[in-house]
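Single-structure report; data block below.
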Amino acid sequence: MLLCIDTGNTNTVFSIWDGGKFLAHWRIRTDHRRTADEYFVWLSTLISVQKFDLRIDACIISATAPRVVFNLRVLCNRYFDTRPLVVGKPDCLLRVPPRVDHGTTVGPDRLVNTVGAYDRHGPDLIVVDFGTATTFDVVDVDGAYIGGVIAPGVNLSLEALHMGAASLPHVDVTMPAKVIGTNTVACIQSGVFWGYVGLVEGIVRQIRAERDRPMKVIATGGLAPLFDQGFDLFDAIEDDLTMHGLRLIHDYNKEMGNG
């Protein structure tokens with residue numbers, strides 16, 4: 001049994017792979033103060049509720065919030081007697097290393113998404129991840145991550161608008177009935193929704209022009225389906241792309257005798 005842990009800036013997802021399929025996905029708020037003991041109590045309770053009888057044999061971690069890694073390592077060591085692989089660390093091998101400027105640190109989530117997307121969709125990809133940030137990752141012909149774009153995430157933009165303009169309410173993002181809003185909430189929803197549709201279209205167009213080749217667009221993240229309502233923005237939406245990539249990276253390291 002493989003425990004895959006994906007820690008983002010907002011949420012952390014735990015998934016268990018049994019060798020053939022993912023048995024479960026559980027989500028918890030990312031908090032660097034949470035101890036290994038707290039993680040274990042929470043996780044073991046969920047495992048018990050779903051009546052799984054399993055033993056974790058290996059762990060792999062992707063963490064964009066580095067301060068949580070220590071306690072996740074302790075969780076794996078203390079309670080599952082495993083030494084976890086941590087994506088982005090020198091001892092976690094990638095089949096194809098990223099090709100970026102010397103000294104650049106690539107977010108582990110971007111490396112993992114690159115691996116997962118290349119396995120499912122082949123070369124020449126743009127992976128759009130709607131997370132705390134909205135990221136665009138470019139995948140080369142051999143599956144290497146070769147750079148991308150980082151923009152503020154949808155919910156982050158909404159929160160900034162609400163905090164920066166005291167008279168504007170916090171609203172939920174949704175597709176508005178019309179572009180021209182006739183009340184404040186509708187105006188904000190239209191600005192955010194159509195603004196991000198334009199953002200995706202514009203950045204994808206520029207990447208394709210710069211690469212001078214057709215490129216598939218693969219979307220992931222919780223808000224991806226919201227922006228796939230008849231606009232032909234994406235060639236595919238993958239809700240488990242990160243977990244798929246983590247599993248592949250673990251399997252490669254095991255194949256290389258590194259896990």
Side-chain angles (χ1 to χ4, degrees), residues 6-13 25-31 62-65 68 106-114 116-117 125-139 145 147-208 215-245:
D6 172 34
T7 297
N9 292 301
T10 305
N11 293 306
T12 297
V13 180
H25 302 281
W26 297 301
R27 186 177 301 267
I28 192 171
R29 179 173 52 85
T30 299
D31 184 350
S62 168
T64 57
V68 306
V106 181
D109 55 331
R110 309 182 80 176
L111 297 174
V112 172
N113 286 345
T114 294
L125 304 175
I126 303 168
V127 182
V128 185
D129 187 352
F130 292 91
T132 304
T134 300
T135 58
F136 298 74
D137 302 325
V138 181
V139 185
Y145 169 88
V149 176
I150 301 175
V154 177
N155 288 319
L156 190 62
S157 295
L158 278 168
E159 189 65 28
L161 186 64
H162 171 60
M163 294 181 66
S167 62
L168 296 181
H170 181 79
V171 302
D172 293 326
V173 61
T174 186
M175 179 180 176
K178 300 182 296 182
V179 176
I180 302 173
T182 53
N183 58 71
T184 301
V185 169
C187 288
I188 295 173
Q189 289 174 332
S190 183
V192 171
F193 181 83
W194 292 111
Y196 273 86
V197 169
L199 175 79
V200 172
E201 289 178 331
I203 290 178
V204 166
R205 182 171 60 250
Q206 291 299 118
I207 291 174
R208 282 173 169 160
M215 303 186 74
K216 293 180 185 176
V217 181
I218 312 303
T220 190
L223 289 177
L226 174 66
F227 295 97
D228 188 49
Q229 302 188 53
F231 304 112
D232 199 29
L233 291 177
F234 313 122
D235 293 285
I237 294 179
E238 300 280 4
D239 59 358
D240 66 340
L241 188 64
T242 304
M243 290 303 163
H244 180 61

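Along the sequence shown, residues are numbered consecutively beginning with 1.
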For the residue pair [X] and [Y], what are the closest heavy atoms and their distance?
{"X": "Gly8", "Y": "Thr30", "result": "O-OG1, 2.9 Å"}
{"X": "Pro108", "Y": "Ala63", "result": "CG-O, 3.2 Å"}
{"X": "Leu241", "Y": "Gly116", "result": "CD1-C, 3.5 Å"}
{"X": "Phe234", "Y": "Val200", "result": "CE2-CG1, 4.0 Å"}
{"X": "Pro152", "Y": "Tyr196", "result": "O-OH, 2.6 Å"}
{"X": "Val127", "Y": "Ala117", "result": "CG2-CB, 3.6 Å"}

Checking [X] now: which residues fulfil side chain to side chain donor-acceptor pair (under 3.5 Å) with it, not counting sequence neighbours?
{"X": "Trp194", "result": "none"}
{"X": "Glu238", "result": "Arg120, His121"}
{"X": "Thr64", "result": "none"}
{"X": "Asp129", "result": "Asn113"}

Test of understanding: with side-chain contact (heavy atoms from CB on, under 4.5 Å), list the residues that count as partners of [X], not counting sequence neighbours.
{"X": "Ala133", "result": "Thr135, Ile150"}
{"X": "Glu159", "result": "His162, Met163, His170"}
{"X": "Thr132", "result": "Asn9, Thr10"}
{"X": "Arg208", "result": "Ile126, Val204, Met215, Val217, Asp235"}

Which residues pass the ring-ring contact (aromatic ring centres under 6.0 Å, His included) test with Phe193, sequence neighbours left out? Phe227, Phe231

In Val112, Val138, Thr114, the residue satisfying side-chain contact (heavy atoms from CB on, under 4.5 Å) with Tyr145 is Thr114

Do [X] and [Y] come within less than 4.5 Å of each other through their side chains, counting heavy atoms only?
{"X": "Phe130", "Y": "Pro225", "answer": "no"}
{"X": "Val68", "Y": "Thr12", "answer": "no"}
{"X": "Leu158", "Y": "Asn155", "answer": "yes"}

Can you tell me how far the CG atom of Asp6 sits from the CG atom of Asn11, to the nearest 0.5 Å? 9.5 Å

Residues at least two apart in sequence or cross-chain that pass salt bridge (Lys or Arg N to Asp or Glu O under 4.0 Å) with Asp137, listed by chain then number, are Arg110

Using salt bridge (Lys or Arg N to Asp or Glu O under 4.0 Å) as the criterion, list what pairs up with Asp31, not counting sequence neighbours. Arg29, Arg33

Assess whether atom CG of Asp232 is packed by more than 12 heavy atoms of other residues, nucleotides or ligands within 6.0 Å. no

Identify each donor-acceptor pair in which a side-chain atom of residues 171-182 lies under 3.5 Å from a protein atom, sequence neighbours left out, and give them as a table.
none

Spell out, as yes or no, whether a donor-acceptor pair under 3.5 Å connects the side chain of Asn183 to the backbone of Ala186. yes

